[in-house]
Amino acid sequence: MKRLSPFVLLTVAFAFTAAGATDLPATACGVRKVATIASACGELLRVEARYLSDGDAPRRDTRVARTLARLDTAWDKAEVADASGMCASRSAAGDVAGSRLSEAVATTAAALPGSVACRAGLVSALASHCRRAIRSEGAFLRDRDRAASERARAVSSLRDRLEAEPPAACAGAPIPEGTVDALFRLAGIAIGDATIRGLRALGHEAGIVIGAAVEPHEVAADPSYPLVLAHDVASLTAENAMKWGPVHPQPGAYDFAAADAVVALADAGPHRLRGHTLVWGALQLPAYVQSAASTDELRGYLLDHVATTIGRWGGRIAQWDVVNEPLAAVHEPPTSDGLDDNVFRRLLGPGYIAEALHLARAADPGARLYVNENGVEIPGPRQDRFFALVQELLSSGAPLDGVGFQSHVGLIPIGLYPESATIEASLRRFADLGLEVELTELDVTLAFRAGTVPSRLEFQGEEYRNVVEACTRVPACTGVTLWGLSDRYSWLRSFFPNDRPLPFDDAWQRKPAYFGMRAALAAAALRKAG
Ligand code: 9MR
């Protein structure tokens with residue numbers, strides 16, 4: 001037998017530890033894709049800089065097409081050695097990644113301020129930095145231990161150099177604000193398409209927890225589901241299993257089977273858990289609660305329900321949506337005080353919200369306690385009413401730690417897809433009260449959006465990027481939970497059978513929405529590293 005040199009043995013052993021025994025070819029392929037798209041970003045920016053100087057559009061188009069063709073070929077070659085198919089399925093297709101990047105380059109260049117000559121200088125300065133920022137992702141694919149410090153070094157040196165050397169054509173003026181951020185956004189798009197790391201890892205690096213709502217019977221029946229949970233998800237919410245109806249169907253009689261199954265999935269992850277939800281006046285509330293005859297009877301149910309449900313998992317659940325949807329539903333007639341007209345509100349008064357929070361705090365002093373609401377991601381009377389409610393709760397001393405923005409985008413209000421800055425401002429408004437904020441039920445319906453399927457999916461990808469970016473820009477925004485993962489299980493399908501609201505399609509293929517999320521997380525990771 002031919003003896004292997006110690007060097008080869010060492011390299012193989014090192015690569016095994018870094019990548020895990022089963023995904024070595026996929027890792028190598030991912031590293032290659034990242035390096036390829038990094039070079040392409042540099043080339044595209046140089047072409048754009050030249051075009052800004054000479055205005056020769058046909059020449060630009062030819063060179064862009066050549067760059068994209070090279071990228072596509074290199075992508076295919078990288079995938080050849082990976083028989084598992086993992087590298088192919090975890091990144092965007094080469095031609096899609098190329099056209100997304102070239103569009104982003106053109107948009108970035110067009111958005112820079114200054115004279116044409118100054119912009120051409122800035123764009124060419126971005127070229128080498130873009131390459132380096134993207135390549136820093138390769139370190140995470142190869143060697144998890146040293147990657148963070150390598151990325152921090154790369155990012156801070158490129159920020160320093162970019163800021164220290166403004167192009168001559170900009171007449172010595174400092175690099176315009178936002179240029180470095182534009183670079184990170186661009187690099188994020190490239191990394192989002194090329195890397196094979198999951199949302200879980202990128203979210204961790206960006207400083208936010210990526211979660212998903214699950215139904216345990218769906219996870220158990222679908223072999224692909226647990227794989228995605230392991231790779232992409234860091235937090236679980238029970239889509240229905242912890243609601244009052246399923247866990248407490250009769251007075252004092254509990255059934256925790258489905259809820260326990262969600263906790264078991266979270267333990268296996270391991271995943272953080274969001275408890276959803278203790279008090280929801282509108283739905284999945286058993287008849288005995290709805291028809292409670294007196295304040296005392298209802299208060300008795302509430303006390304028992306909160307203490308027993310929270311007590312079941314003794315501190316394992318990190319956050320509880322103590323009260324869900326306290327505002328009057330958007331499709332219902334308005335109420336005099338804007339609060340939902342439910343049995344709690346009718347018998348206990350509006351103070352039922354603070355009362356539930358106090359009960360929850362007593363049952364688990366360590367859990368973060370939330371109120372969770374829909375349609376409050378955009379400014380307007382609904383957000384104002386919610387804000388006033390939250391202020392009242394805080395000033396009355398109710399133990400409130402966080403606010404959940406459900407984020408059923410495109411649905412509430414119908415057909416509206418807010419810009420990133422709008423969502424960011426909304427999150428900051430509540431964060432400025434000293435609260436944590438999370439996006440707790442994110443999906444982006446296309447049911448009210450016209451256009452071809454590919455164009456709508458691309459549009460949806462950008463909206464996912466906008467929404468996630470908003471959270472990454474607000475330090476108090478600690479997590480984004482998707483309301484499901486694959487379109488085939490989405491709650492929206494019961495209303496709109498052809499809807500495609502989530503980041504994975506019916507066959508668990510990653511959609512532009514998935515890559516949009518990764519782009520936002522990767523950009524945030526770069527921003528954070530600097
Ligand atoms: O996705 C959930 C769906 O399966 C249930 O039928 C429905 C009623 O309980 O609740 C859905 O989840 C809701 C969440 O609990 C609260 N915010 C709105 C969500 C979508 O309706």
Side-chain angles (χ1 to χ4, degrees), residues 211-222 225 233 235-249 255 258-259 261-262 273-287 289-290 305 309 317 319-332 339-340 342-344 353 356 369-378 382-383 386 402-414 416 437-448 467 479-497 499-504:
V214 292
E215 290 277 40
H217 63 273
E218 289 169 355
V219 180
D222 182 338
Y225 216 138
V233 175
S235 172
L236 293 185
T237 302
E239 183 172 349
N240 288 299
M242 289 187 188
K243 289 174 183 168
W244 195 313
V247 302
H248 190 182
D255 177 357
V262 176
L273 275 162
R274 296 198 81 253
H276 177 83
T277 171
L278 292 168
V279 181
W280 185 13
L283 287 171
Q284 296 200 14
L285 190 63
V289 186
Q290 309 230 34
H305 179 73
T309 307
I317 299 192
Q319 306 183 347
W320 273 103
D321 288 334
V322 176
V323 177
N324 186 49
E325 297 172 20
L327 299 188
V330 284
H331 56 271
E332 303 262 325
L339 295 183
D340 185 43
N342 59 50
V343 66
F344 300 106
I353 301 166
L369 306 181
Y370 277 62
V371 286
N372 192 44
E373 189 52 88
N374 62 41
V376 290
E377 299 80 21
I378 45 160
R382 186 167 178 80
Q383 187 189 82
F386 191 49
V403 166
F405 291 73
Q406 291 187 4
S407 312
H408 292 295
V409 177
L411 184 72
I412 310 172
I414 283 178
L416 198 91
V437 291
E438 294 220 353
L439 309 185
T440 51
E441 302 185 14
L442 175 61
D443 47 26
V444 178
T445 181
L446 293 175
F448 305 101
V467 174
V480 174
T481 290
L482 295 157
W483 208 241
L485 287 162
S486 158
D487 289 338
R488 76 191 277 190
Y489 300 117
S490 168
W491 71 287
L492 285 161
R493 280 276 170 95
S494 31
F495 302 96
F496 316 112
D499 204 4
R500 301 168 153 95
L502 291 165
F504 291 85

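Counting convention: from 1, in listed order, for ligands and their atoms alike. As a basis for the values below, the full set of heavy atoms in this structure was taken, side chains included, without hydrogen atoms, waters or symmetry mates. Worth saying up front: this structure is predicted, and the values here are computed from it rather than measured.
- Those atoms of ligand 1 with a heavy atom of N324 less than 4.0 angstrom away are 16 (C).
- For ligand 1, the polar-atom distance check against W491 finds no nitrogen or oxygen pair separated by under 3.5 Å.
- With H276, E325, E373 as candidates, the residue nearest to atom 14 (C) of ligand 1 on a non-hydrogen basis is H276.
- Remark: side-chain polar atoms of T445 are not paired, donor with acceptor, to backbone N or O of L411 under 3.5 angstrom.
- Under the side-chain hydrogen bond (donor to acceptor under 3.5 Å, both in side chains) criterion, N240 pairs with E215, K243, Q284, not counting sequence neighbours.
- Ring geometry for W483 against H408 counts as perpendicular: the plane angle is over 60°, on a 0 to 90° scale with 30° as the lower cut.
- With a heavy-atom cut-off of 4.0 Å, Q406 touches ligand 1 through its side chain alone.
- Between the side chain of E218 and the backbone N or O of Y489 there is no donor-acceptor pair closer than 3.5 Å.
- With a 4.0 Å cut-off on non-hydrogen atoms, N374 does not touch ligand 1 at all.
- Looking only at side-chain heavy atoms (C-beta outward), P413 and I378 come within less than 4.5 Å of each other.
- The protein heavy atom nearest to atom 8 (C) of ligand 1 is Q284 NE2, 3.6 Å.
- For the pair S494 (side chain) and W491 (backbone), a donor-acceptor distance under 3.5 Å is present.
- The ring pair (Phe, Tyr, Trp, His ring centres under 6.0 Å) check on Y370 picks up nothing, with sequence neighbours excluded.
- When only interatomic distances are considered, the shortest N/O to N/O separation between N240 and ligand 1 falls below 3.5 Å.
- Checked by atom type, the side-chain pair E441/N374 shows no donor-acceptor distance below 3.5 Å.
- Ranking protein heavy atoms by distance to atom 1 (O) of ligand 1, first place goes to E239 OE2, 2.5 Å.
- The protein heavy-atom contact nearest to atom 12 (O) of ligand 1 is W483 NE1, 3.2 Å.
- Residue, atom and distance of the protein heavy atom nearest to atom 10 (O) of ligand 1 are K243 NZ, 2.9 Å.
- When hydrogens are left out, the protein atom nearest atom 19 (C) of ligand 1 is E441 OE1, 3.2 Å; that is the closest non-hydrogen contact.
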